[in-house]
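No experiment lies behind these values; they were computed from the predicted model shown. Every heavy atom of this structure was used, including side-chain atoms; hydrogens, water molecules and symmetry mates were not. Numbering of ligands and ligand atoms starts at 1, following listing order.
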Amino acid sequence: MQAIGQFQIDRLADIASVRLPSMRGFPLLTREILSEHARIMGPRFIDPETLDLFISFHTYVLRIKGRVILVDACIGDHKHRPNRPDWHMRQSDFLQRLAGLGVQPGDVDAVMCSHLHADHVGWNTQLVNGQWVPTFPKARYIMAEVEYKHWLARYEHEGASLNHGSFADSVLPVVQNGLADMVGMSQQIEHGIRLEPAAGHTPGTVLIHIEDGADHGVLTGDIIHHPIQLAFPEMPTQYCEDPALASKVRVAMCERYANTGSRLLTAHFPAPSAGRILREGKHFGFAFDTE
Ligand SMILES: [Zn+2]
């Protein structure tokens, strides 16, 4: 457990470590660059043999003044994801480990989605008697209206396979159950939580800020996927809808928070996942928090 002001923050892994094929995801990376960074960063971040990157999928559990707020709902269980073997038909102990933090599904007040890709919405729903139902029955599910409308329009053209099937099995059921709040991309949420537009990765991607007094944290979603991007913040990725805009947003975020007290709670860095951005010459580094 960590804290930012009065926010208590737990990081709950859904999948602690998965390989991300580096040169497929980041076309400008070469074996030479990756080998050098594998030496610098170590095997927790880059496999020195295959040069795959390791990333994590985790939810942040925020607690403040009796409220329980989850940010990004990872992969989920029993989801049919045949194109992603790591995500396909999982049976995990995620909810038991959430209970281990003292949080039952009915205790969750809000679930926030930085964006609506399959690896950020999975635990929005669970399979009960063959139906996808909201996992957190008393929660408001908060998503940017721009993001929802973008994927809804594509769903109407592309159908159930959109985003590996996650729009149909993990987003629509919470909307159909009346639990979704579609919000503006600059919305104040509650208790010092606010959104900031950060389109690029997807059209409705938001940064989620948490502030209490002088203490400040940013839940980065997929503005950045792996620490190697701090060395090449302008480098485009295959994972972004608008790679050039996403790179601009990433560079601006790094510039803004380098060598400040602001903590970044990243969505995919291997544990401990959170820390501070450091300026390193023309590029950036990361001082991981101790867990
Ligand atoms: Zn992601």
Subject >> Salt-bridge present (Arg81, Asp169; N to O < 4.0 Å) >> reply: yes
Subject >> Name of the Asp119 atom (N/O/S only) found closest to the Zn ion (ligand 1) >> reply: OD2
Original post:
With a 4.5 Å heavy-atom cut-off, do Trp87 and His164 have their side chains touching?
Top reply: yes
**OP:** To 10°, measure the NE2(His268)-the Zn ion (ligand 1)-NE2(His120) angle for me.
**Re:** 100°
Original post:
Are Lys79 and Trp132 in a cation-pi setup, meaning NZ or CZ lies under 6.0 angstrom from the ring centre and within 45 degrees of the ring axis?
Top reply: yes
Original post:
Does the shortest distance from the Zn ion (ligand 1) to an N/O/S atom of Asp222 fall below 2.8 Å?
Top reply: yes
Subject >> Close aromatic pair by centroid cut-off 6.0 Å: His226 and His268 >> reply: no
